[in-house]
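Residue numbers begin at 1 in each chain, while the letters A, B, ... track the order of the sequences.
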Amino acid sequence: MVSAARARLLAIVMLLGLQAVLFPLYAIQPVNDAAGVLPDENEFLVSPDEYLGERVVTGGIVQQTDPIVIQVQGRSGTQEITIHEADISPTVGDKVRVAGTLSDVRTIRAQTAFVVPPSGRWYAWGISFVAGLWVLGRLIRHWRVDRTTLAFEPRTATLSSRTILRWIQPGEDDNA
Amino acid sequence: MPDLLAHVFIAYSLCRVLSWRWEWLTTPYVTAGMVGTFIPDLVKVKLVVPSETVAQTLGLPFDWGSLATGGGTLVSVCVGLILLASSERRRGGLMLGLGAGSHLLADSLLITPTGRSVQLLWPLAQYRVPTPGLYLSTQPEPMVLAGGVAALVWGLNKYWIGDRKVEC
């Protein structure tokens with residue numbers, strides 16, 4: 001039984017190792033227009049001259065609205081980028097995502113741009129948290145972990161909220 | 001992503017409807033499918049620890065983004081597979097994969113500035129699938145729609161089909 005747990009942990013460590021290799025691999029992914037991988041802030045902030053006149057994609061929080069200036073955060077640091085010809089009217093603090101031509105070192109002539117207001121970001125956070133609680137609740141009620149083998153298996157009977165309460169306020173040792 | 005709640009509603013509906021066909025697909029497996037939808041969103045770890053911070057600490061190029069690609073999701077699903085008891089691997093693993101897959105598919109319909117969205121085949125191919133641009137991740141409409149469908153499926157299951165199932 002202990003060996004099952006050990007084998008399981010070993011396999012997980014190996015998979016996490018594989019996952020860890022993918023992070024740098026993703027970061028060094030080359031620009032590939034045909035595949036839809038455009039130069040972003042990690043490319044054009046570092047060597048803007050190389051991408052002048054090319055189509056780029058980025059996003060950031062609006063600092064000024066006339067002209068639209070966004071703060072872009074890349075691996076090399078933070079930069080303010082001016083956006084021209086965007087068909088949007090954001091307010092300061094909104095998030096803007098934009099694709100367009102890098103017309104100058106710190107200027108993008110927009111082709112497509114859209115605004116994500118802060119309320120939208122709060123909404124996505126809050127509602128996702130609710131989803132997390134709901135599914136966590138279902139997971140605890142429908143699945144159990146075998147402590148000797150560290151394996152998840154379905155409960156034979158759904159855990160009732162009364163049993164969960166008994167865990168929190170221990171009284172009897174019922175584990176059904 | 002549409003918000004996670006929308007993803008969970010989609011997975012619930014999908015798995016519950018499949019349960020009408022597959023006898024073995026009982027409520028715990030519906031839950032497994034719902035858990036699966038969280039897998040591609042592991043990428044949100046970037047909001048807690050930004051990729052730039054890790055890159056600076058390690059002195060290596062680093063981007064959490066791979067977690068939301070097809071390949072990264074597959075590796076995460078495999079971690080889930082290992083965590084399942086061996087007798088549950090086929091069924092539980094299938095449900096985790098279904099949930100995660102439905103998340104990636106729904107994400108590939110998002111509005112993006114480039115008109116391209118998820119890299120379903122990365123690291124095998126860089127190709128980002130073209131997106132019809134149906135919604136923003138911060139819009140409540142997909143969640144309301146998916147929630148309505150989920151409620152309908154729940155009701156159908158409980159009052160129409162449910163006599164052979166114990167509970168939802």
Side-chain angles (χ1 to χ4, degrees), chain A residues 4 8 11-12 15-16 18-19 22-30 32 34-38 42 55 57-59 73-75 77 97-100 111-114 116-117 119-121 123-125 127-132 134-135 138-139 141-143 146 149-155 158, chain B residues 1 3-8 26-29 31-32 34-35 37-38 41 44 50-52 54-55 60-67 69 71-72 75-76 78-79 82-88 92 111-116 119 122-123 125-130 136-140 143 166-167:
Chain A
R8 193 162 263 123
I12 288 172
L15 283 168
L16 292 183
L18 177 61
Q19 195 71 285
L22 294 182
F23 299 133
L25 206 60
Y26 190 83
I28 58 168
Q29 196 178 169
N32 184 342
V37 182
L38 300 186
N42 293 318
R55 199 158 167 251
V57 61
T58 191
Q73 193 178 11
R75 256 174 251 137
R97 292 179 65 196
V98 58
Q111 283 149 3
T112 17
F114 59 84
V116 184
S119 60
R121 280 179 274 152
Y123 161 77
W125 268 96
I127 210 78
S128 299
F129 185 71
V130 171
W134 179 28
V135 176
R138 283 187 65 118
L139 184 65
R141 275 158 44 87
H142 299 148
W143 290 77
D146 181 329
T149 57
L150 299 179
F152 278 78
E153 53 194 27
R155 288 181 189 279
T158 299
Chain B
M1 53 155 196
D3 55 77
L4 256 175
L5 191 57
H7 284 301
V8 172
T26 50
T27 300
Y29 298 103
T31 298
M34 292 162 79
V35 170
T37 58
F38 283 76
D41 255 8
K44 291 293 181 287
S51 301
E52 296 83 36
V54 186
L60 277 173
F62 190 95
D63 197 327
W64 293 113
S66 61
L67 286 171
T69 63
V75 175
S76 306
C78 287
V79 173
I82 299 293
L83 283 172
L84 287 166
S86 39
S87 58
E88 300 304 324
I111 300 173
T112 66
T114 57
R116 302 288 202 98
Q119 291 182 306
W122 194 86
Q126 279 189 287
Y127 187 74
R128 285 183 180 278
V129 294
L136 281 173
S137 64
T138 50
Q139 248 178 302
M143 186 274 285
V166 186
E167 58 110 34

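With a 4.5 angstrom heavy-atom cutoff, B:Thr114 touches chain A via backbone and side-chain atoms both. Both the backbone and the side chain of A:Pro30 have a heavy atom closer than 4.5 Å to some heavy atom of chain B. Contact annotation for B:Pro140: both backbone and side-chain heavy atoms come within less than 4.5 Å of a heavy atom of chain A. Looking at B:Ala32, the atoms closer than 4.5 Å to chain A (heavy atoms on both sides) sit in the backbone and in the side chain alike. When heavy atoms are compared at a cutoff of 4.5 Å, B:Thr69 approaches chain A solely by way of its side chain, counted from C-beta outward. Proximity to chain B involves both the backbone and the side chain of A:Leu25, based on heavy atoms less than 4.5 angstrom apart. Contact of B:Gln126 with chain A is made through backbone and side chain together, with heavy-atom distances under 4.5 Å.
In this structure a side-chain-to-backbone donor-acceptor pair under 3.5 Å is missing from B:Glu52 to A:Gly74.
For the pair B:Arg128/B:Gln119, a side-chain contact is recorded, criterion being any heavy-atom separation below 4.5 Å from C-beta on.
Among B:Leu60, B:Thr112, B:Thr37, the residue making the largest number of heavy-atom pairs under 4.5 Å with chain A is B:Thr112. Ranking B:Leu83, B:Val8, B:Val54 against chain A, the residue ahead of the rest is B:Leu83, based on heavy-atom pairs under 4.5 Å. Heavy-atom pairs under 4.5 Å with chain A were tallied for B:Trp64, B:Phe62, B:Trp122; the largest tally goes to B:Trp122.
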(message) Show, in sequence, the C-alpha distance, side-chain angles and deciding distance for B:His7 and B:Phe38, and conclude whether the side-chain contact (heavy atoms from CB on, under 4.5 Å) test is met.
(response) CA-CA 8 Å; B:His7 284 301; B:Phe38 283 76; over 6 Å; no

(request) Decide yes or no on side-chain contact (heavy atoms from CB on, under 4.5 Å) for B:Leu84 and A:Trp143, but give the supporting numbers first. (result) CA-CA 10 Å; B:Leu84 287 166; A:Trp143 290 77; 3.6 Å; yes

(request) Please report the C-alpha distance between B:Thr27 and A:Arg138 in whole Å, then the side-chain angles of each, then the deciding distance to 0.1 Å, and finally whether the side-chain contact (heavy atoms from CB on, under 4.5 Å) criterion is met. (result) CA-CA 9 Å; B:Thr27 300; A:Arg138 283 187 65 118; 3.5 Å; yes

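Taking CZ of A:Phe23 as the reference point, atom CG of B:Leu67 lies at 4.0 Å (rounded to 0.5 Å). Taken to the nearest 0.5 Å, the CG atom of B:Asp41 stands 9.5 Å off from the CG atom of B:Asp3.
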